[in-house]
Engineer: 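Okay, handing you the structure first.
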Amino acid sequence: MITGGAGFIGSHVVRLFVNKYPDYRIVNLDALTYAGNLENLWDVEAAHNYIFEKGDITDGEGISRLFETYHFDSVIHLAAESHVDRSIQDPLAFVRTNVMGTCMLLNVCRQQWSKDSGGKLFYHISTDEVYGSLGPTGYFTETTAYDPRSPYSASKAASDHFVMAYYHTYQLPMIISNCSNNYGSHHFPEKLIPLMINNIKNNRPLPVYGKGENVRDWLYVDDHALAIDKIFHHGRVGEKYNIGGFNEWKNIDIVNLLCRIMDKKLGRAEGESAKLISFVKDRPGHDMRYAIDPAKLNRELGWKPSLQFEEGLEKTVDWYLKNEEWVKEVTSGAYQRYYEKQYQK
Ligand code: NAD
Ligand code: TYD
């Protein structure tokens, strides 16, 4: 079972597994919230080894029924509320899905696998944001103390702790990976990179929080999916793995780079898109810097990122320009209300 497979990263993981492992039966459990979209998986939906199940991870009975139908031997858990700004607007939604939902899944796995946990695995997908905020130097390793500072990262940290607790208390076989910021196709346009691409294209202001000095460590989403594949098949049970590509960027530098790429693609004069940059009120509790040390993953499993950032960003821009309908669909209705609340304060 893959949870959250209709979302951004989940859809890349589902596609990779469905295409690469014809002998697996892959069940995608997703509630199809505003962030989930079956269009993300149109190219694999007819595959013989793929099944979609609409359901909520907080519904224990529903998950138990799925276990009775499919007898899952493993769960890759991506379903979550994932946007920091939304967690500031509505923290309890994050407690519900990220904490309660994860606990519900853990509990069902514990019951279902209680007689024989051999060969079973609960693989929990988490974020580097659980480690908090770095100063100008240093990296997050697997042993960095947790120090979450947003309702989103606190809810992910809590879910990580519960996964560890089920391992130590009930010997539930588990692995956790904590990844840095992802970018690529099918990324919901509430997050920095797709939001800026969409606004540049539509000549709308580019809202940079604070001075744009905050640093994020960006990884192409397909490289994350490949890391998940490696860890799922070869990672050691009971371990944590950090995933990142040594690719730190200040927000303002990314926005300027996107403006330059899009000036060229849209046939605009150099510097035209950058005129849209607008510095806005900072995010409350805005973490200054994230940076991952992925040495353990590289050493133990030989994983390293495949794409250079400029190349990945260009591919991403091309995807958004080619898929206007997708953007139009996901940014209609409820998205407009969210956008107004977030940016027109
Ligand atoms: P996303 O918001 O794009 O997708 C989340 C998916 O989960 C959606 O399909 C949604 O419908 C589903 N979902 C939400 N609540 C649900 C519920 N109660 N029951 C069932 N399904 C539900 O998120 P994403 O960016 O793809 O992130 C996936 C996972 O990876 C999350 O756990 C996130 O914390 C983690 N992560 C994300 C990043 C990133 O940069 N996006 C980085 C590191 C880790
Ligand atoms: P985001 O994509 O929301 O990811 P996260 O907060 O999980 O790292 O934001 C990435 C960075 O971009 C973060 O420092 C906040 C900043 N940001 C803006 O400056 N403007 C925006 O409109 C958004 C959405 C983010």
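Every number for a ligand or one of its atoms is a count from 1 in the order of the listing. These numbers come from the heavy atoms of this one structure, side chains and all, not from hydrogens, waters or symmetry mates. When a residue number appears, it is its place in the shown sequence, counting from 1. It should be emphasised that the depicted structure is a prediction, and the values quoted were computed from it without experimental measurement.
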Engineer: Are F279 and Y209 close enough, and set up right, to give a ring pair (Phe, Tyr, Trp, His ring centres under 6.0 Å), and what steps lead you there?
Structural biologist: CA-CA 6 Å; F279 292 95; Y209 297 161; over 10 Å; no
Engineer: Using a 4.0 Å cutoff against the non-hydrogen atoms of Y290, which atoms of ligand 2 qualify?
Structural biologist: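 Once the distances to Y290 are compared, the set is 8 (O).
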Engineer: State plainly whether the residues K296 and E239 are in salt-bridge range, i.e. N to O under 4.0 Å.
Structural biologist: yes
Engineer: I need the atoms of ligand 2 closer than 4.0 Å to a non-hydrogen atom of V208, numbered in the order shown.
Structural biologist: 19 (O)
Engineer: Backbone or side chain, does any N or O of L192 fall under 3.5 Å from an N or O of ligand 2?
Structural biologist: yes
Engineer: To which protein heavy atom is atom 36 (N) of ligand 1 closest, and what is the distance rounded to 0.1 Å?
Structural biologist: I9 CD1, 3.9 Å
Engineer: Enumerate the atoms of ligand 2 whose separation from the nearest heavy atom of P207 is less than 4.0 angstrom.
Structural biologist: 18 (C), 19 (O), 20 (N), 21 (C), 22 (O)
Engineer: So for ligand 2, is R283 a polar contact partner (N or O within less than 3.5 Å, distance only)?
Structural biologist: yes
Engineer: Are D229 and K20 close enough for a salt bridge, meaning some N to O gap below 4.0 Å?
Structural biologist: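 Salt bridge between D229 and K20, a charged N being under 4.0 Å from a carboxylate O: yes.
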Engineer: Tell me whether N214 has any N or O atom under 3.5 angstrom from an N or O of ligand 2.
Structural biologist: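 No; the residue has no nitrogen or oxygen that sits under 3.5 Å from a nitrogen or oxygen of the ligand.
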Engineer: Between the candidates R289, H286, K250, which shows the shortest non-hydrogen contact distance to atom 14 (O) of ligand 2?
Structural biologist: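 Answer by nearest heavy atom: H286.
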Engineer: Less than 3.5 Å between some nitrogen or oxygen of R216 and one of ligand 2, yes or no?
Structural biologist: yes
Engineer: Could you say whether the N/O atoms of K191 and ligand 2 ever approach to under 3.5 Å?
Structural biologist: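 No - when backbone and side-chain N and O of K191 are compared with those of ligand 2, no distance drops under 3.5 Å.
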Engineer: Who's closest to atom 11 (O) of ligand 1 heavy-atom-wise, of D56, D128, L29, D30?
Structural biologist: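 Selected option, by shortest heavy-atom distance: D30.
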Engineer: Could you tell me whether K328 and E325 have a side-chain N and a carboxylate O separated by less than 4.0 Å?
Structural biologist: yes
